[in-house]
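Let me begin by presenting the structure, written as structure tokens, before commenting on it.
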Protein chains: 2
Amino acid sequence: MSVENHAADDAATAFASHDHSTCRAQALQAADDLAAAQGVRLTPVRRRTLEILLETHRALGAYEVLERLGAEGFGSQPPVAYRALDFLVQHGLAHRVQRLNAFAACLSPGHDHAPAFLICRACNKVAEADAPEIRSALRAAAVGVGFSVERMTVEALGLCDACAAAERPE
Amino acid sequence: MSVENHAADDAATAFASHDHSTCRAQALQAADDLAAAQGVRLTPVRRRTLEILLETHRALGAYEVLERLGAEGFGSQPPVAYRALDFLVQHGLAHRVQRLNAFAACLSPGHDHAPAFLICRACNKVAEADAPEIRSALRAAAVGVGFSVERMTVEALGLCDACAAAERPE
DNA sequence: CAGACATGAGTTATCTCATAACATTACGGT
DNA sequence: ACCGTAATGTTATGAGATAACTCATGTCTG
């Protein structure tokens, strides 16, 4: 399977080798656009927090982010990180990964999506899989029992191709 | 919509009014059976922990459980609760609800299922919805990007019928 | 039944994750 | 320049989770 997507328009960019600088730049650009469009402020801490998340496809704990921020002259107390992360999540620029109590940059911001996450337990990378059928199936099941869904969490823990290959000869 | 299920064989028992003592007794019986069948020990702490979870359809935090256990003469330190809860989860007698960092008794143990959870944000009750389509949809999406799923988490936050009704006139 | 081993329960201490509450600073409109 | 609001910063504390060790209990063996 060849790798030729030029950006984060594919669900599983995270696990494939790809031009990550483009990946990052595009997400950051989208964030700037979105901030301008919505009249919200992508302040230095917030922007830097997003950049930090964008450095890898792994999900980072709030304290990992905080450590980085503190080292760069921003505040070094938990609320600094949590507030920036909350802002990003609120505006669809990052997602919270429940399973890991951690945060990952969103690779296709502006879509107002609530994707499924694929979490590799070996390399810790996290990919977003946009799977509308999953969401509609859940919603349907809920309606059947008189439950109205407001937010949903769909996460899968497993192995990505690369890590599965690495583990097999063991 | 009438309520006539005699036990936990329906996905959304939790939100409906039902004969809870039967509900509880059945789950407990299933646990005893399962322990006997698998040759594992449903010790006093473990059994009591399950009973505590079975008292309501809400998910309880480990420390809520611990408080109860401690008050009843069991150990009062976190590992006591976590070990019992881990045991129950391991053997399919309880589930962990990621979104709440909490635990709920399984209402149909022995099925080795990994259900979707419907969490009412008002009354905090948690229902299990067995929705195989969701799981297969997620698995399918994962296969498409070369990811092999080992465990999955599907949780929906929203309002159950009763709470939605109660909130409307507001 | 004694001894050996495995499993479970209890304790202390510590770690990670998260938020409440309040003081201070920067920003945008008039 | 002034004022109100939003954002940042700080201290302190709450909530969730686990490591590491000790002691008790249970069971299998001879």
Side-chain angles (χ1 to χ4, degrees), chain A residues 31 35-36 38-50 52-53 58-91 93-104 119 124 126 153 155 157, chain B residues 31 35-36 38-53 58-91 93-104 119 124 126 153 155:
Chain A
Q38 299 194 348
V40 297
R41 296 165 52 198
L42 191 58
T43 61
V45 219
R46 293 170 176 173
R47 195 165 201 283
R48 187 71 195 111
T49 299
L50 180 56
I52 290 170
L53 290 183
R58 296 187 307 111
L60 300 182
Y63 279 68
E64 291 181 81
V65 171
L66 178 60
E67 202 172 326
R68 297 285 307 275
L69 290 174
E72 296 175 17
F74 295 102
S76 59
Q77 299 306 314
V80 171
Y82 280 102
R83 281 197 286 241
L85 290 166
D86 286 348
F87 171 88
L88 296 175
V89 170
Q90 210 92 42
H91 292 83
L93 299 170
H95 298 289
R96 178 175 198 127
V97 183
Q98 300 282 348
R99 187 117 202 167
L100 305 175
N101 291 328
F103 301 83
I119 308 163
N124 282 309
V126 174
T153 303
E155 299 177 356
L157 191 69
Chain B
Q38 299 192 350
V40 297
R41 296 166 50 199
L42 192 58
T43 61
V45 218
R46 291 170 177 174
R47 194 165 200 283
R48 188 72 194 109
T49 299
L50 180 55
E51 285 174 7
I52 290 170
L53 291 182
R58 297 187 306 112
L60 300 182
Y63 279 69
E64 291 181 81
V65 171
L66 177 60
E67 202 171 326
R68 297 285 307 275
L69 290 175
E72 296 176 16
F74 295 101
S76 60
Q77 299 306 315
V80 171
Y82 280 103
R83 280 196 286 239
L85 290 166
D86 286 349
F87 171 89
L88 295 175
V89 169
Q90 210 91 44
H91 293 83
L93 299 170
H95 299 289
R96 174 171 203 134
V97 183
Q98 300 283 347
R99 186 119 200 166
L100 306 175
N101 290 328
F103 301 82
I119 308 164
N124 282 309
V126 173
T153 302
E155 299 176 357

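Each chain gets a letter, A, B and so on, in the order the sequences are listed, and its residues count up from 1.
- More than 12 heavy atoms of other residues, nucleotides or ligands sit less than 6.0 Å from atom CD of B:E64.
- Comparing B:L100 and A:P44 against DNA chain D, the residue whose closest nucleotide sits nearer the 5' end is A:P44.
- A 4.5 Å side-chain heavy-atom check between A:P44 and A:R48 finds every atom pair outside the cut-off.
- Once rounded to the nearest 0.5 Å, the distance linking CG of A:L93 with CG of A:L53 reads 10.0 Å.
- Considering only residues two or more places apart in sequence or on other chains, B:R46 meets the salt bridge (charged side-chain N to carboxylate O under 4.0 Å, His left out) condition with none of them.
- For the pair A:L85 CG and C:dT19 P, the interatomic distance rounds to 11 Å; values are reported in whole Å.
- The distance from atom CG of B:L42 to atom CG of B:L88, rounded to the nearest 0.5 Å, is 7.5 Å.
- Between the B:Q98 side chain and the B:T153 main chain, no donor and acceptor come within less than 3.5 Å of each other.
- Atom CD of A:E67 sits in a sparse spot, with 12 or fewer heavy atoms from other residues, nucleotides or ligands closer than 6.0 Å.
- For A:L60 and C:dT16, the CG to P distance is 15 Å, given to the nearest whole Å.
- Looking at residues 65-82 of chain B, you'll see B:F74, B:G75, B:S76, B:Q77, B:P79, B:V80 sit with a heavy atom under 4.0 Å from some atom of DNA chain C.
- To the nearest angstrom, P of C:dA9 lies 11 Å from CG of B:L88.
- Atom CG of A:L42 and atom C1' of C:dC27 are 16 Å apart (whole Å).
- In this structure, A:D86 places its CG atom 10 Å from C1' of C:dT19, rounding to the nearest Å.
- Nearest heavy atoms, A:F103 versus A:V89: CD2-CG2, 4.0 Å.
- Looking at A:L66 and A:Y82, their side chains never come closer than 4.5 Å, going by heavy atoms from C-beta outward.
- Along DNA chain C, the nucleotide nearest A:R83 and the nucleotide nearest B:A84 are compared for position; the residue whose nucleotide lies closer to the 5' end is B:A84.
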Hey, what are the protein-to-nucleotides 4-7 of chain C N/O distances that come in under 3.5 Å?
none

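- Rounded to an integer number of Å, the gap from B:N101 CG to C:dC17 P is 12 Å.
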